[in-house]
Amino acid sequence: GLIAAVMPQGRFGACMLTKASVYGKLSIASEKPRFAGPVRLGELACPMEAMRLGESALAIDATFDQALDGAEGKAVLTSGPFGFGAITLTRAGGETRFVWRKEAFTAQYDLKARQFASAGLALGELAAKGALRSQQNFVRLETEGDLAARDLRTGPGFSDMLAALE
């Protein structure tokens, strides 16, 4: 069958979200539920954290274990503008394949951000490809992968940023 839900406005802690929706096909095969469809968001604004996210969508295709205590699938992200403090980007997107079982999460990701900027650095494109692993429901988190950037420009805060890494 189909499942659909719409939330024109809502709160999540101190954050305000608008035009949130989920729409997709829900099916069961071999006693395992499967959801395939998009989760959409008009905007997320968190003034206390100086965070905002513009119109975004996450297309999910996930199959859950019979007891709903695990899942595997893929997700495709398409995001609008994002800001967190002095960090901004115009859009991001990419794909991930994931498995979550026995309090462990593993994902392979291939993501790109466009027009990334911070106080000391600006990039035309930032790409990340790799793997993410967690144990004990994210008590421990590990990632490994590659980062690539294009159109690198430094700003006045760049030397301060490098000094903080020492």
Side-chain angles (χ1 to χ4, degrees), residues 6-24 35-62 71-100 104-166:
V6 176
M7 184 170 47
Q9 272 190 332
R11 286 203 172 276
F12 184 72
C15 300
M16 182 73 168
L17 33 104
T18 60
K19 299 180 184 175
S21 67
V22 60
Y23 176 84
F35 173 80
V39 176
R40 293 188 178 106
L41 178 66
E43 182 179 35
L44 174 67
C46 305
M48 292 180 72
E49 291 84 12
M51 185 179 85
R52 66 171 176 71
L53 174 63
E55 189 172 326
S56 301
L58 186 64
I60 300 170
D61 187 347
E72 65 180 81
K74 70 176 184 174
V76 179
L77 171 69
T78 306
S79 92
F82 173 77
F84 184 66
I87 298 170
T88 62
L89 57 93
T90 58
R91 68 179 190 259
E95 183 173 317
T96 182
R97 294 192 175 278
F98 61 88
V99 176
W100 172 60
F105 180 81
T106 305
Q108 289 76 42
Y109 58 86
D110 188 356
L111 307 169
K112 286 187 182 177
R114 307 261 190 238
Q115 302 304 315
F116 173 90
S118 69
L121 189 64
L123 306 168
E125 180 178 278
L126 178 63
K129 186 174 186 175
L132 177 79
R133 289 176 292 283
S134 82
Q135 298 292 323
Q136 300 172 326
N137 285 327
F138 295 95
V139 169
R140 180 178 172 169
L141 191 66
E142 299 174 358
T143 187
E144 65 180 66
D146 297 315
L147 288 174
R150 291 185 200 203
D151 302 326
L152 172 70
R153 297 173 305 283
T154 60
F158 185 70
S159 57
D160 294 338
M161 186 177 70
L162 289 178
L165 294 174
E166 291 181 3

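The analysis underlying the following values was restricted to heavy atoms, covering all of them including side chains, and did not include hydrogens, waters or symmetry mates. We count residues from 1, following the sequence as given. Every value quoted in this text rests on a predicted model; they were computed, and no experiment measured them.
- Side-chain atoms of F84 and R52, non-hydrogen and from C-beta on, never get closer than 4.5 Å to each other.
- Put simply, CD on E95 and CG on L77 are 11.0 Å apart, with the number rounded to the nearest 0.5 Å.
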Contacts table for residues 6-21: side-chain donor-acceptor under 3.5 angstrom, sequence neighbours left out:
unit_1	atom_1	unit_2	atom_2	d
T18	OG1	E43	N	3.3

| field | Evaluation steps, salt bridge (Lys or Arg N to Asp or Glu O under 4.0 Å), between R133 and E144 | value | CA-CA 9 Å; R133 289 176 292 283; E144 65 180 66; 2.9 Å; yes
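- The two residues R153 and G124 make their nearest non-hydrogen contact at NH1-N, 4.2 Å.
- By the neighbour-count criterion of 12 heavy atoms within 6.0 Å, atom CD of E142 is densely surrounded, having more than that number from other residues, nucleotides or ligands.
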| task | Please step through side chain to side chain contact (heavy atoms under 4.5 Å, CB included) for the pair V22 and F35, ending with a clear verdict. | result | CA-CA 11 Å; V22 60; F35 173 80; 3.6 Å; yes
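- Closest heavy-atom contact between L89 and G80: CD1-O, 4.4 Å.
- Around CD of E55, the count of heavy atoms belonging to other residues, nucleotides or ligands within 6.0 Å does not exceed 12.
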| task | Start with the C-alpha distance between L58 and V76, add both sets of side-chain angles, then the distance that settles side chain to side chain contact (heavy atoms under 4.5 Å, CB included), and finish with yes or no. | result | CA-CA 6 Å; L58 186 64; V76 179; over 6 Å; no
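- Taking the side chain as every heavy atom from C-beta outward, L132 and F98 never approach each other to under 4.5 Å.
- In terms of heavy atoms, L147 sits closest to A128 at CD2-CB, 3.6 Å.
- Closest approach of G94 to L111, counting heavy atoms only: CA-CD2, 3.9 Å.
- Contact annotation: the side chain of D110 never approaches that of T96 to less than 4.5 Å [non-hydrogen atoms, C-beta and beyond].
- For residues 82-91, there are no salt bridge (Lys or Arg N to Asp or Glu O under 4.0 Å) pairs, not counting sequence neighbours.
- Using a 4.5 Å heavy-atom cutoff, the side chains of D151 and L123 are not in contact.
- A donor-acceptor pair under 3.5 Å links the side-chain atoms of S79 to the main chain of A92, judged by distance alone.
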| Yes or no on side chain to side chain contact (heavy atoms under 4.5 Å, CB included) for Y109 and R97, after CA distance, side-chain angles and deciding distance? | CA-CA 7 Å; Y109 58 86; R97 294 192 175 278; over 6 Å; no
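- Within the 4.5 Å cutoff, side-chain heavy atoms of L44 are placed close to those of M51.
- For T143 (side chain) and A131 (main-chain N/O), a donor-acceptor pair under 3.5 Å exists by modelled atom type.
- The side-chain heavy atoms of S118 and I87, taken from C-beta on, include a pair separated by under 4.5 Å.
- F105 CZ to Q135 CD: the interatomic distance, rounded to the nearest 0.5 Å, is 12.0 Å.
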